[in-house]
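Below you'll find the structure, written out as structure tokens, and then a few comments.
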Amino acid sequence: MELLYVAAAVGAVLLVFFFMLFRSKSSGASTAESAQAAASPLGEKESPRSAPAGPLTIYFGSQTGTAEGFSEQLKQQGDKNGFAARVVDLDDFEEEDFKANCSTADSDFSPQSGGGVVVLVLATYGEGDPTDNAAEFVKWLRASKGDDGLLRGLKYCVFALGNRQYEHFNKVGKYVDKALEELGGERVFDLGVGDDDGDMEEDFEGWRERLWPALLEAFHPAGVLGKAKSADDLRVLATGLDGEGAVELPKLPFTLELAPPADQLAATRQLEASAPPPNAHTSTKHLWTATRVKVVANSELRTPKDPGSTRHIEVDIHSTGLSYETADNLAVLPENPGESVERLAQHMGYDLGASIVALHGDAEFKPWFPTPCTVREALQGFVDLSGPPKRTALKDWARFAADPREREELLLMAGKTQEGKDRYREQVEQRHASLGEVVTSDFKSLRVPLAHFLHLAPHLQPRYYTISSSSSMHPKRIHATVSVIEQAKSGGGTFKGVCSAFLQGCDPPATDKGKRTDGWFGSKPAGGEGRGVWPSVRVFVRASSFRLPSDPKTPIVLVGPGTGIAPMRALLQERHHQKATLGLDVGPAVLYFGCKRPDQDFLYQEELEAYKKSGALTEMHCAFSRLEAQPKQYVQHLMARPGDAKALWALLHAQGAHLYVCGGTSMGADVQEAVGKIAGAELGGAAKADAWVNGLKAQGKYVQELWS
């Protein structure tokens with residue numbers, strides 16, 4: 001009988017064992033990774049009305065993810081301070097939902113009076129335009145002008161993001177702040193202004209520190225920060241570190257489902273375009289939709305006398321479904337260097353071949369990259385390891401430092417003291433330290449679970465290049481002109497721009513009559529090495545403001561020093577096509593180009609001279625800034641010469657020429673000043689000149705694409 005009981009017990013144990021084994025295998029997740037994912041449970045959400053401070057809705061308009069990141073920070077602090085906070089992508093804007101934020105009570109605000117507090121975090125993009133996801137919202141505001149009571153009861157504030165180097169600094173945020181008031185809204189806190197030409201993070205941090213006391217005083221006097229008495233209290237709230245240095249891992253809005261590597265081909269798999277899910281993050285939808293194209297040309301445009309590099313890149317769009325218009329923008333999705341990914345994985349203990357099966361979240365969760373994918377793909381193409389970590393984000397990374405001294409150093413740099421800010425400037429900014437270097441080399445005790453790393457690391461953003469080819473002459477290829485960013489680092493080594501270095505390394509194999517001549521053909525020889533995968537990049541095309549006049553006889557004036565020549569080359573190719581292929585009469589084309597020296601970095605010199613001979617280019621004026629025994633000369637200096645000024649006035653004023661400018665913002669400002677002085681001399685005063693220049697812009701006859 002005892003043997004029977006023992007056999008039954010053993011059988012039960014075996015049954016449980018095989019059940020758990022089957023369950024583990026069917027889940028596709030390793031024990032360690034399941035525990036890691038379980039560290040971030042998804043809890044039940046509190047009703048907005050039950051929150052002591054009521055609802056707080058944060059809308060963002062973001063092109064590169066900065067405004068979105070700021071919005072997430074506000075949400076986290078809003079939750080801690082008694083609000084039921086949520087973040088809304090303005091791409092999901094609905095008029096009725098937005099109007100539902102208006103309080104219906106005539107008395108002072110309370111959580112039960114309806115509505116809630118609205119914060120808008122809005123970036124200005126391009127030449128004073130709203131970001132892509134905020135365009136419909138701004139359009140609705142403009143269409144609603146004059147309806148004074150439309151948003152009565154709305155309690156709002158705005159933080160604007162921009163760059164002071166641009167003419168229309170923070171135009172969108174300033175417009176929305178004013179428009180909401182005109183429609184009946186009540187501004188509950190001052191407009192915040194962030195300047196990317198200075199320290200955007202510090203601007204936002206200062207505004208945010210003043211914001212919470214004001215909101216808490218108005219809507220929740222007994223709020224968390226209102227009761228915090230000491231610096232230690234605030235430190236615990238900010239970092240999750242108690243007085244003993246214990247760390248509580250922050251809860252994540254998702255769980256990560258991992259599976260072990262399926263096969264050895266995972267490391268070489270390439271993501272292809274797919275439809276994003278309906279709830280995907282607007283700022284990262286391109287990670288689903290971008291098209292993979294082959295790099296078929298990659299050549300150096302500078303001479304060996306120049307230590308720098310500018311690459312002429314061509315990608316093949318034949319049979320990809322991609323198309324473009326002359327001088328459109330090509331967006332390239334960069335990839336982190338393979339060695340950086342390997343170093344990070346080794347330090348953190350990540351399995352690069354493992355598969356991220358899915359990200360699981362609640363109904364409001366928005367995935368920000370496509371799954372399934374390998375861990376290598378996520379770290380190489382989705383998160384930015386090459387850029388510097390945000391200063392204020394260092395407090396989030398500090399949670400994962402096992403060494404208390406490293407944790408305190410990170411908290412110091414993330415803090416508000418001048419000592420901390422100076423330390424960040426010395427250790428990160430001046431050294432060009434990347435996030436990958438900071439979390440693996442500078443702070444060696446950091447060990448971050450994969451799910452938390454993917455959550456904390458900034459998203460890798462596409463880089464935009466104005467296309468330097470004509471779609472009429474090159475319908476199956478897109479040309480780009482790429483300046484490779486390289487700079488010596490103070491601590492040794494070289495800082496490289498993530499996208500330009502990535503493109504520089506995409507060197508296509510040798511071919512003969514369209515067929516590869518590298519590697520092996522047919523059956524792979526025994527013991528032989530196979531040829532590598534053809535280099536490719538993921539891209540998409542965005543419309544540009546550069547368009548030739550509808551009448552080919554209209555004169556054009558092109559100003560494009562350095563890589564600003566890219567769209568000018570495209571427009572000249574189009575003019576050449578109109579003249580040589582279509583047999584059309586074309587108007588004058590005047591080019592102002594600038595570089596250091598004609599024997600170093602005169603980009604596309606032979607091609608431009610050929611267009612001059614063919615008549616597609618009428619005049620070419622070149623400014624050289626590094627000629628020996630010569631003063632520095634730039635394009636605006638050439639335009640201001642008496643003869644040029646007279647000719648330009650005749651072209652722009654009498655003949656209706658279109659003016660195109662591409663390059664740095666400071667150059668663009670100098671060119672506009674030169675044009676304004678030319679007009680002022682003719683029209684009699686700066687005020688009339690400004691009005692005339694603004695008129696050209698309004699008519700689409702003065703087009704700029706500038707970068708800082």
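Not measured: the values here are computed from a predicted model.
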Original post:
When the ring planes of W140 and F93 are compared, do they come out parallel, tilted or perpendicular, using 30° and 60° as the limits?
Top reply: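 Tilted: the ring planes of W140 and F93 meet at 30° to 60°.
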Any side-chain donor-acceptor pair under 3.5 Å between [X] and [Y]?
| X | Y | value |
| --- | --- | --- |
| D422 | Q418 | yes |
| E68 | H459 | no |
| Q73 | R208 | yes |
| Q63 | D132 | yes |

Subject >> For R542, all residues meeting salt bridge (Lys or Arg N to Asp or Glu O under 4.0 Å), sequence neighbours excluded >> reply: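 Per chain and number, R542 pairs via salt bridge (Lys or Arg N to Asp or Glu O under 4.0 Å) with no residue.
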Subject >> All salt bridge (Lys or Arg N to Asp or Glu O under 4.0 Å) counterparts of D690, not counting sequence neighbours >> reply: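 For D690 there are no salt bridge (Lys or Arg N to Asp or Glu O under 4.0 Å) partners, ignoring immediate neighbours.
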Does the side chain of [X] reach to within under 4.5 Å of the side chain of [Y], using non-hydrogen atoms?
| X | Y | result |
| --- | --- | --- |
| V117 | P55 | no |
| F60 | F70 | no |
| Q427 | D442 | no |
| Q487 | T494 | no |
| Y465 | C499 | yes |
| N133 | S283 | no |
| Q704 | Q672 | yes |
| F400 | P449 | yes |

If I take atom [atom1] from residue [X] and atom [atom2] from residue [Y], how far apart are they, to the nearest 0.5 angstrom?
| X | Y | atom1 | atom2 | result |
| --- | --- | --- | --- | --- |
| E182 | D177 | CD | CG | 10.0 Å |
| F369 | T284 | CZ | OG1 | 9.5 Å |
| L183 | D147 | CG | CG | 6.5 Å |
| F382 | L460 | CZ | CG | 10.0 Å |
| K155 | E186 | NZ | CD | 4.0 Å |
| T131 | L122 | OG1 | CG | 7.5 Å |

Original post:
Can we call the ring centroids of F453 and W397 under 6.0 Å apart?
Top reply: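 Yes, ring centres under 6.0 Å apart.
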Original post:
Would the F204 and F159 ring centres measure less than 6.0 Å apart?
Top reply: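 Yes - the distance between ring centres of F204 and F159 falls below the 6.0 Å cut-off.
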Taking [X] for its side chain and [Y] for its backbone only, find out whether a donor-acceptor pair lies under 3.5 Å.
| X | Y | answer |
| --- | --- | --- |
| N101 | F98 | yes |
| N279 | P367 | no |
| Y125 | S62 | no |
| R407 | A401 | yes |
| E437 | S434 | yes |
| W207 | D190 | yes |

Original post:
Does any pair with a residue in residues 83-102 pass salt bridge (charged side-chain N to carboxylate O under 4.0 Å, His left out), and if so which ones, sequence neighbours excluded?
Top reply: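 For residues 83-102, and leaving out neighbouring residues, the salt bridge (charged side-chain N to carboxylate O under 4.0 Å, His left out) pairs sorted by first residue read D91-K285, D92-K366, E95-K99, E96-K99.
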**OP:** Let me know which of L90, L141, V172 forms a side-chain contact (heavy atoms from CB on, under 4.5 Å) with P130.
**Re:**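 Only one of L90, L141, V172 forms a side-chain contact (heavy atoms from CB on, under 4.5 Å) with P130, namely V172.
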**OP:** Please determine which of P462, P567, S545, S544 meets the side-chain contact (heavy atoms from CB on, under 4.5 Å) test together with N329.
**Re:** S544
Original post:
Is K145 atom NZ crowded by more than 12 heavy atoms from other residues, nucleotides or ligands, each under 6.0 Å away?
Top reply: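 No, not enclosed.
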**OP:** Might you point out which heavy atoms bring K75 and A85 nearest each other, and give the distance in Å?
**Re:**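 Where K75 meets A85 most closely, the heavy atoms are CE-O, 3.5 Å.
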Original post:
What side chain to side chain donor-acceptor pair (under 3.5 Å) pairs are there with at least one residue in residues 378-394, not counting sequence neighbours?
Top reply: E201-T392, E205-R391, E335-Q380, N336-S386
Subject >> Cationic N near anionic O, under 4.0 Å, K421 to E426 >> reply: no
Subject >> Stepwise salt bridge (Lys or Arg N to Asp or Glu O under 4.0 Å) check, E127 with K171 >> reply: CA-CA 9 Å; E127 297 300 310; K171 180 178 178 180; over 6 Å; no
**OP:** Can you tell me which residue pairs pass the ring-ring contact (aromatic ring centres under 6.0 Å, His included) test with a partner in residues 413-443, sequence neighbours excluded?
**Re:** H432-F495
Subject >> Qualifying residue, where the test is side-chain hydrogen bond (donor to acceptor under 3.5 Å, both in side chains) with R164 and the options are D196, D195, D197, N170 >> reply: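 Output: one option passes, namely D195.
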Subject >> Contacts of Y156 that satisfy ring pair (Phe, Tyr, Trp, His ring centres under 6.0 Å) - sequence neighbours left out >> reply: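 By the ring pair (Phe, Tyr, Trp, His ring centres under 6.0 Å) rule, Y156 matches no residue at all.
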